[in-house]
Amino acid sequence: DAKTTQPPSMDCAEGRAANLPCNHSTISGNEYVYWYRQIHSQGPQYIIHGLKNNETNEMASLIITEDRKSSTLILPHATLRDTAVYYCIVRENTISSGSARQLTFGSGTQLTVLP
Amino acid sequence: KAGVTQTPRYLIKTRGQQVTLSCSPISGHRSVSWYQQTPGQGLQFLFEYFSETQRNKGNFPGRFSGRQFSNSRSEMNVSTLELGDSALYLCASSENNEQFFGPGTRLTVL
């Protein structure tokens with residue numbers, strides 16, 4: 001799986017958009033970008049994933065550059081409960097039914113939402 | 001649907017003992033993965049089970065083992081515990097591409 005690079009920490013004011021960058025310059029054509037977050041001492045939580053098109057769900061938006069070498073996770077209106085470590089992971093999507101390959105977690109970005 | 005459940009949530013053991021941790025995946029999910037999280041090493045993949053078969057294994061010694069039952073519930077076992085095995089052990093279940101994690105079992109080895 002491709003390696004990712006994220007800033008170790010970021011701050012964001014409550015109510016503002018949080019933009020978390022991720023570099024994945026060695027991503028291959030069949031690898032997706034996944035984002036998870038982990039609130040202190042809880043299990044990681046899936047946020048969103050995408051291949052090359054921008055994606056949006058109820059939690060966040062994912063913007064992937066045209067060359068796919070980087071992406072940005074956007075939390076449109078950050079709240080104090082969004083304080084967590086955010087992990088950007090790239091991996092192949094599964095092909096066989098019901099099978100999930102391992103996730104390789106890096107160090108992630110500690111996002112702190114400030115009141 | 002109920003989420004992934006792990007038992008026990010907290011466990012204290014002494015060096016040399018063995019421990020068994022349990023994970024119940026989301027109903028209908030056939031894949032269960034285990035991860036170890038420590039402050040020094042972060043989140044590391046242990047192994048993945050699918051339909052009672054181990055499909056992937058991380059770089060951990062043979063003291064770490066697991067199994068999956070026909071109802072997809074999974075257990076992991078650590079034998080001859082060492083101080084360095086103190087960690088949060090996370091289980092994740094999956095049916096497609098997203099993995100859903102449980103709350104983890106906090107193991108402390110004294």
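In what follows, chains are A, B, ... by sequence order, proteins preceding strands, each numbered from 1.
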Could you go through the side-chain contact (heavy atoms from CB on, under 4.5 Å) check for B/R106 and B/R9 one step at a time? CA-CA 6 Å; B/R106 174 76 60 184; B/R9 292 293 311 279; over 6 Å; no
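A 6.0 Å sphere centred on CG of A/N30 holds more than 12 heavy atoms belonging to other residues, nucleotides or ligands.
A 4.5 Å side-chain heavy-atom check between B/H29 and B/S72 finds every atom pair outside the cut-off.
Salt bridge annotation for B/R63-B/D85: present, with a cationic side-chain nitrogen under 4.0 angstrom from a carboxylate oxygen.
The interface of residues 43-79 of chain A with chain B, defined by heavy-atom distances below 4.5 Å, comprises A/G43, A/P44, A/Y46, A/H49.
Here the CZ atom belonging to B/R67 is positioned 7.5 Å from the CZ atom belonging to B/R73, to the nearest 0.5 angstrom. The CD atom of B/Q68 sits 8.0 Å away from the OG1 atom of B/T53 when rounded to the nearest 0.5 Å.
Side-chain atoms of A/T109 come within 3.5 Å of backbone atoms of A/P7 as a donor-acceptor pair (strictly under, hydrogens ignored).
Chaining together hydrophobic side chains whose heavy atoms lie under 4.5 Å apart places B/L110 alongside B/I12.
For A/Y87, the part sitting under 4.5 Å from any heavy atom of chain B is the side chain, from C-beta outward, and nothing else. Looking at B/L90, only its side chain comes within 4.5 Å of chain A, counting heavy atoms on both sides. Heavy atoms closer than 4.5 Å to chain A are found in the side chain of B/Q37, but not in its backbone. A/S107 does not touch chain B: none of its heavy atoms, backbone or side chain, sits under 4.5 Å away.
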